[in-house]
2 protein chains.
Amino acid sequence: MKNPETGETPHTASDVTSHVGYRLKRAHAALRGAMDRALRDHDLTVPQYACLEVLALRPGLSNAELARAIFVTRQSVNVVLRGLQDAGLVTRPDAVEHGRARPIHLTDEGLRRLRAVQSRVYALEARMIRDIPARRLRALLEDLDRMADALEE
Amino acid sequence: MKNPETGETPHTASDVTSHVGYRLKRAHAALRGAMDRALRDHDLTVPQYACLEVLALRPGLSNAELARAIFVTRQSVNVVLRGLQDAGLVTRPDAVEHGRARPIHLTDEGLRRLRAVQSRVYALEARMIRDIPARRLRALLEDLDRMADALEE
DNA sequence: GCCGGTATGTCAAACTCCTGACATGAAGAA
DNA sequence: TTCTTCATGTCAGGAGTTTGACATACCGGC
């Protein structure tokens, strides 16, 4: 399976723990866990933080749009959103003039909470990639997107 | 933030959707969803499949060891394991001569089910990395591990 | 032998996320 | 207009995951 001359690792690995899916899961789990611990101090969960981050970037998103942005279903994000709404971090109008989609916005408190945790989350990310040269990081980001694209066809 | 001359992307990105965490989540979600759909035809869930795969590679693992191998808690894997046990895909002795850890083994049926789905899951993985050169894939696997290591310190 | 630290298995509660299903609203075709 | 199609919001159920807590079992030094 493996060529001892070139050190080439073919796409068909012999051990599932060397598969890209396994590594992907490991890296994701490590980041998720670290974020969980960091956000707990601020009484936020990872999905809640994800919603705040996306809403700060794209205010007025609907429930369904937000769901697509963070790669979960409408139903899932709806539950998270209810929690954020109860906590006073986001607002949704009860009715809208046109259509069913109700635009979601951060409250001042929501933006404050987001700003408060961003430094910690970003520091986590910086630590994660601290030993990866910029060129390789660029390739990494590109390849991650390429992998996602290949599966979404 | 970005140098237009060299095209260098610094570690501090201006947009969270360009962060490595976001890409990681996207790629992971894409694979997870594709695996979900593929495994559904065989009446298996992703965590169940993960357990079978690891147990085939390392028979006799305990509950806690299996949990570490698939990056979840003992409690989580315990629930999954109960389902697999009820389905007759794995066995655990009711008592053991020494210690509390009970070694888990695949049944013949468990191994058969695993073999039946492996081709589909591996095909998924192959599709995911089909546009990534072998050298870059090697670098990708290395960097994913490096990221996980950096967070587990 | 005894005891403290470590590892394991398990229970309970809460949260996230999914699939399936249904109702509502908008847009376009017949 | 009417009907079909699509997107959205929502409810219900089930599976996975986590934290917190507790009891059990080994293993080290005392």
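Here is how names work: the chains are called A, B, and so on, in the same order as the sequence lines, proteins then strands, and each is numbered from 1. Note that the coordinates shown come from a computational prediction; the quantities given were computed from them, not determined experimentally.
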Would you mind reading off the distance between [X] atom [atom1] and [N] atom [atom2], rounded to a whole angstrom?
X	N	atom1	atom2	answer
D94(B)	dT10(C)	CG	C1'	15 Å
H28(B)	dC18(C)	NE2	C1'	14 Å
R32(B)	dT16(C)	CZ	P	16 Å
N78(A)	dT19(C)	CG	C1'	16 Å
N63(A)	dC17(C)	CG	P	13 Å
R102(A)	dT24(C)	CZ	C1'	12 Å
R40(A)	dA14(C)	CZ	P	17 Å
Q75(B)	dA14(C)	CD	P	16 Å

Scan R92(B) against the nucleic acid and name what it touches under 4.0 Å (heavy atoms): base, sugar-phosphate only, or nothing.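 Counting heavy atoms under 4.0 Å across all strands, the contact made by R92(B) is with sugar-phosphate only.
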Looking for any heavy atom pair under 4.0 Å, which part of the strands does V79(B) touch: base, sugar-phosphate only, or nothing? base
Comparing nearest nucleotides in DNA chain C, the 5'-proximal residue of the pair R100(A), V77(A) is V77(A)
Can you see whether Q118(A) engages R115(A) through a side-chain donor-acceptor pair at a distance of less than 3.5 angstrom?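 There is such a pair (donor and acceptor under 3.5 Å, judged by atom type) between the side chains of Q118(A) and R115(A).
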Salt bridge flag under 4.0 Å for residues D149(B) and R26(A): yes
Salt bridge between R113(A) and E109(A), side-chain N to carboxylate O under 4.0 Å?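 Counted as a salt bridge, because a side-chain N and a carboxylate O are separated by less than 4.0 Å.
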Does a side-chain N or O of [X] approach OP1 or OP2 of [N] to a distance below 4.0 Å, or not?
X	N	answer
R74(A)	dC22(C)	no
H98(B)	dT8(C)	no
S76(A)	dT16(C)	no
T45(A)	dT16(C)	yes

Under 4.0 Å from any heavy atom of chain A: name the first and the last nucleotide of DNA chain D that qualifies, 5' to 3'.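 Both ends considered, the range comes out as dT8(D) to dT19(D).
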Can you confirm if the aromatic rings of H19(B) and Y122(A) lie within a centre distance of less than 6.0 Å?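 Distance test on ring centres: under 6.0 Å, yes.
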Does H28(A) have its ring centroid less than 6.0 Å away from the ring centroid of F71(B)? no
Checking L66(B), V77(B), L61(B) against I104(B) for side-chain contact (heavy atoms from CB on, under 4.5 Å), the one that qualifies is L66(B)
Has R136(B) got a side-chain atom pairing as donor or acceptor with A139(A)'s backbone, closer than 3.5 angstrom?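 Yes; judged by distance alone, with no hydrogens or angles, the pair exists.
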Please figure out whether A101(A) or G33(A) has its closest DNA chain D nucleotide nearer the 5' end. A101(A)
